[in-house]
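Structure record follows, encoded as structure tokens.
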Amino acid sequence: MKKLIRLNVNGDDHELAVSPDETLLGVLRGPLDLIGPKRGCDSGGCGCCTVQVDGKAVYSCMMYAVSAQGRDIITIEGIGRDGELDPLQQAFIDAGAVQCGYCTSGIIMVAKELLNTLDNPDEDEIRHAIAGNLCRCTGYQKIVDAIKLAAAAS
Amino acid sequence: MTQSIIGKSVPRPDAFDKVTGGKGYPVNIKLPGMLHGKILRSPYPHAKILNVDTRAAEQLPGVKAVLVPADCPKRKYTTVYFVPTDALSMVQDMLVMSDTVRYAGQPVAAVAATSVAIAEAALELIDVEYEELPCVFDPEQAMAPGAPQLHEHAQNNIAVNPEMEFGDLDAGFAEADHIFEGVYTTQRVHTCYMEPRVCVVDAEANGNMTVHSSMQHLFGLRQKLAYVLEIPESRVRVIKPPYIGGGFGGKLDIGYIEPIAALLSRQANRPVRIEQTRYEDFITTARHPIKVYLKTGVKKDGTFTARYAKSILDTGAHATHGAEVINVHGMFGFFLTYRCANRKWEGYSVYTNNMVGGGFRGYGSPQACFAVESQIDEICDELELDPVEFRRKNAHHQGDPHPFLQGMKLDSYAFDECLVRGAEQIGFAGRGRPNADDGHKKRGVGLACQPLWVSGCLGFPDIYEHSGAIIKLNPDGTADLNTAVMDLGSGQITTLCQIAAEGLGLPMEAVRITETADTTTVPFDAPSHASRVTYASGTVVLAAARVVRQRLLEVAGVMLEVSAEDLEVSAGTISVKGSPDTTLTVAEVVQRAESPYIQVGDEGPAPTTVEEKGTIIGLASSAPAGNPSPAAVGFVAVEVDTETGHVQVERVVYAHDLGKVINPNAAEGQVEGGVQQGIGYALMEDLQFEENSGACLTADFLDYKILTAVEMPRKIESIFIESDEPTGPFGAKSLSEPCITVPAPAIANAIYNAIGVRIRELPITPEKILAALGKL
């Protein structure tokens with residue numbers, strides 16, 4: 001039995017009929033047609049699907065869409081302003097932190113929470129913050145560099 | 001020509017799109033009317049399918065097609081993209097769906113429905129009747145008399161059994177002062193590309209088929225799919241995605257999903273999408289476990305007199321890559337690595353009821369390197385020889401004959417420099433003896449080498465090697481590069497654009513890769529594999545750029561009334577040699593070439609010349625001139641906790657001769673990622689299966705562990721040595737694979753240096769360390 005819910009994603013309200021077992025990821029990638037959050041494992045193991053819910057980084061594959069009602073959901077498509085990239089997005093480009101890029105959206109969303117919490121995180125704080133997100137291309141080195149770069153820029 | 005772009009860390013052209021969401025992944029493809037396919041997989045590792053009853057599934061509303069083994073083509077094939085489908089060097093033993101199950105997870109039926117949920121519900125309604133058969137999971141047991149036989153064509157389950165011999169092995173051992181023997185085993189690991197394998201196939205009623213897929217080779221997929229379905233290749237159009245979410249060799253073969261989606265699409269007359277779950281990905285491809293029996297004869301001074309190895313590879317239910325990995329393993333992992341007058345290697349690729357292995361960066365080399373480089377350190381320890389000097393003494397050197405390609409030399413081969421500079425940077429000479437540290441945490445330093453690797457596969461039987469590229473100039477002075485090369489994430493888009501820009505005399509930002517390519521519009525290119533793209537595809541891109549540049553200068557010559565030979569082009573500006581004030585922009589020249597013959601100006605119609613007309617476009621397609629070998633040496637420093645068995649890799653120094661660095665940032669990124677995979681192989685990664693049922697126990701990232709940012713060493717130190725390969729584009733060779741190969745043996749050697757314990761079985765888990773220390 002589907003349930004009618006209202007979701008606020010990147011500042012826009014959406015009214016949707018969803019099954020109770022539909023995940024937030026499924027709704028974002030499905031009816032809302034957002035491609036930023038990626039399905040990597042569907043079991044809370046890789047972090048490619050990470051979005052922000054009320055300012056906290058969340059695996060969207062592990063949250064039911066119905067639980068996201070009335071909350072402020074931000075995906076990678078919703079960061080940056082007036083056509084300008086978010087400093088983290090720019091830093092990922094400048095540091096060469098993007099290879100295949102499949103993990104990038106999720107890691108930027110986690111890093112965004114980190115930089116909202118700490119002005120100048122040290123290397124260990126950065127590494128622990130992104131430890132729930134897997135990357136198979138970069139060895140994380142340039143991702144850590146990018147987050148440091150964004151922290152210094154902001 | 002001044003080199004302005006080569007060697008610069010220019011940003012990736014694809015990075016902007018990826019940090020803003022990533023439109024280009026195949027996983028995003030949606031087509032009108034698209035259905036969703038799901039595959040029913042066998043719970044048994046070895047069984048005969050007696051009956052498949054799909055009646056209830058067909059009745060479920062929303063189900064549009066159902067596929068069972070009886071509906072599938074019967075022509076056997078090999079899945080591997082980089083060889084012809086019927087290549088004699090490979091084994092044709094695959095079917096889309098067979099009525100014999102040979103591993104747990106093999107597809108036995110499939111459904112296409114209007115939603116994933118309906119397709120999954122329909123699978124539950126399919127009733128399969130199996131007759132279970134006896135199983136064998138261990139390759140040596142599978143080779144023994146009386147073992148269950150998996151394939152009629154393979155006596156004792158041996159799929160292929162290659163051998164190589166040089167000199168007189170017995171004489172070599174007779175000549176030796178010391179003989180060392182050891183058995184080294186490696187485990188099954190997964191590439192862990194982050195984007196799942198996914199495809200959308202649209203089989204139209206007119207017989208044409210359009211295919212989107214997350215794969216490493218456009219033309220391989222076209223050829224394999226056409227062969228399997230027994231239709232002409234031109235009927236299959238494979239669309240090139242702008243990029244994919246990782247591959248690492250794990251998307252180097254046609255999967256079950258593409259032919260199954262094609263057959264379902266045919267039935268339903270609608271496009272069908274299949275996206276694998278992570279569990280399905282884990283049982284789709286893996287690096288093969290190989291057990292290596294290694295016997296080596298040496299003189300007192302450490303000179304090799306005889307080298308012998310026997311390698312037993314578990315290829316699983318089908319041969320596929322296992323028929324080729326075994327050869328690369330033997331050849332580039334063992335036989336050619338060091339000089340030795342007397343060598344013999346025999347390899348066995350053996351069928352078992354395990355999952356089918358696949359391609360994975362290194363392609364057989366990591367398994368061999370672990371054995372060879374571990375044993376070298378055992379020899380050095382026993383004979384009290386310097387491990388750096390031992391390797392240098394036995395290695396090939398610059399200028400030596402190429403040990404693989406007859407008549408060629410190692411024109412650029414800075415192996416010695418890799419050893420010396422790496423050793424110096426990590427302070428190898430100052431390393432201590434085992435257990436030198438007080439307390440329960442012990443430090444050690446180790447090294448391992450990949451002395452001779454490949455830039456492509458020239459000289460291997462049946463392997464495609466040629467590349468192609470088309471470059472076209474635009475009236476705004478930019479260039480479009482059209483190629484079939486797939487960017488897996490390792491930066492092929494960037495490096496090829498750099499090579500093209502440099503060859504054309506344009507700034508980097510003026511060159512872009514065409515995003516809309518497909519198998520009908522681009523020339524053939526061999527897969528993005530075997531560390532080959534920068535060298536082989538780069539060579540062809542440069543050749544195409546030179547064709548374009550020549551035509552550009554011819555048109556400019558007509559415009560300036562000088563000979564093309566008197567012109568040069570740099571950073572988008574054409575000038576007359578020696579008269580730097582006489583210039584044209586590339587844009588002006590292209591506009592002239594693309595302009596009408598008679599142009600109307602203020603003074604009325606005026607003809608231009610016919611000679612300058614026509615799109616400035618260039619094509620090149622060729623196989624590379626050689627197989628120049630990079631060389632690499634890795635050094636690691638570890639800390640071993642003798643109370644917990646935990647190993648922390650603290651430093652990695654990686655020295656690699658890649659001829660010429662095209663993009664330093666991208667090159668470092670390759671190494672850093674490869675080292676992550678190499679440390680995972682050494683210490684933790686292990687695809688595990690339940691002993692009797694063959695069921696996968698590590699089917700998600702909670703159970704299959706790869707290194708996170710926390711476990712990684714804080715810095716990977718890359719040393720790039722530029723030996724300037726004469727046949728490479730701007731001197732470049734290759735980079736990708738040795739950085740994944742050397743960490744495991746280097747770590748094993750460093751652990752020995754720390755605690756005096758030798759582990760010959762990967763992964764080196766805390767349990768194995770504690771057991772070896774007598775603490776378990």
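Remember, predicted model here, so these are calculated numbers, not experimental data. Chain letters run A, B, ... following the sequence lines, proteins first and then strands; every chain starts at 1.
With hydrogens and angles disregarded, no donor-acceptor distance shorter than 3.5 Å links the side chain of B:Arg278 to the backbone of A:Ser43.
For the residue pair A:Ala131 and B:Val710, the shortest heavy atom distance occurs at CB-CG2, 3.6 Å. For B:Asn665 against A:Gly96, the heavy-atom pair with the smallest separation is OD1-CA, 3.4 Å. Closest approach of A:Gly45 and B:Phe701 over heavy atoms only: O-CB, 3.6 Å.
Proximity to chain A (any heavy atom under 4.5 Å) is shown, for B:Ile679, by neither the backbone nor the side chain. Using a 4.5 Å cut-off between heavy atoms, A:Cys41 contacts chain B through both its backbone and its side chain. For B:Val27, the parts lying near chain A are the backbone and the side chain together; criterion is any non-hydrogen pair under 4.5 Å. For a residue to count as touching a neighbouring chain, one of its non-hydrogen atoms must lie under 4.5 Å from one of that chain's; by this rule A:Lys142 touches chain B with backbone and side chain alike. In this structure, chain A has no heavy atom under 4.5 Å from any part of B:Tyr279. Interface residue B:Lys715: backbone and side-chain heavy atoms are both found under 4.5 Å from chain A. Contacts between B:Thr191 and chain A at a heavy-atom distance below 4.5 Å involve the backbone alone (N, CA, C, O). In this structure, the portion of A:Ala95 lying under 4.5 Å from any heavy atom of chain B is its backbone and not its side chain.
Of the inter-residue distances, the one linking A:Ile93 atom CD1 with B:Arg12 atom CZ reads 12.0 Å to the nearest 0.5 angstrom. Rounding to the nearest 0.5 Å gives a distance of 10.5 Å between CZ of A:Arg127 and CD of B:Glu711. A:Cys137 contributes atom SG, which lies 12.0 Å from atom CD of B:Glu672 (distance to the nearest 0.5 angstrom). To the nearest 0.5 Å, atoms OG1 (A:Thr138) and CD (B:Gln670) are separated by 11.0 Å. For the atom pair A:Arg136 CZ and B:Phe248 CZ, the distance stands at 7.0 Å (nearest 0.5 Å). Annotation: the span from A:Arg39 atom CZ to B:Gln276 atom CD amounts to 13.5 Å, rounded to 0.5 Å.
If you tally non-hydrogen atom pairs under 4.5 Å between each of B:Lys23, B:Met712, B:Gln677 and chain A, the highest count goes to B:Gln677. Interface check for chain A: of the options B:Ile706, B:Leu488, B:Asp700, the most heavy-atom pairs under 4.5 Å are formed by B:Ile706. With respect to chain B, the highest number of heavy-atom pairs below 4.5 Å among A:Leu88, A:Asn133, A:Val144, A:Leu85 belongs to A:Leu85. Comparing A:Ile130, A:Leu134, A:Ile76 by how many heavy-atom pairs each has under 4.5 Å with chain B, the most go to A:Leu134. Between chain A and the options B:Asp703, B:Asn28, B:Leu702, the largest number of non-hydrogen pairs under 4.5 Å is found for B:Asn28.
B:Phe720 CZ: more than 12 foreign heavy atoms inside a 6.0 Å radius. More than 12 heavy-atom neighbours from other residues, nucleotides or ligands sit within 6.0 angstrom of CG on A:Asp122. When the shell of 6.0 Å around NE2 of A:His128 is examined, it contains 12 or fewer heavy atoms from other residues, nucleotides or ligands. Remark: B:Arg512 CZ is loosely packed, at most 12 non-hydrogen atoms of other residues, nucleotides or ligands lying under 6.0 Å away. The 12-atom threshold is not exceeded at NZ of A:Lys56, counting heavy atoms of other residues, nucleotides or ligands nearer than 6.0 Å.
A 4.5 Å side-chain heavy-atom check between A:Asp124 and B:Arg714 finds at least one atom pair inside the cut-off. Side-chain atoms of A:Gln89 and B:Thr20, non-hydrogen and from C-beta on, do get closer than 4.5 Å to each other. B:Glu195 has its side chain out of reach of A:Lys38: every pair of non-hydrogen atoms, C-beta onward, lies at least 4.5 Å apart.
Identified by a heavy-atom distance below 4.5 Å to chain B, the contributing residues of residues 99-113 of chain A are A:Gln99, A:Cys100, A:Gly101, A:Tyr102, A:Thr104, A:Ser105, A:Ile108, in residue-number order.
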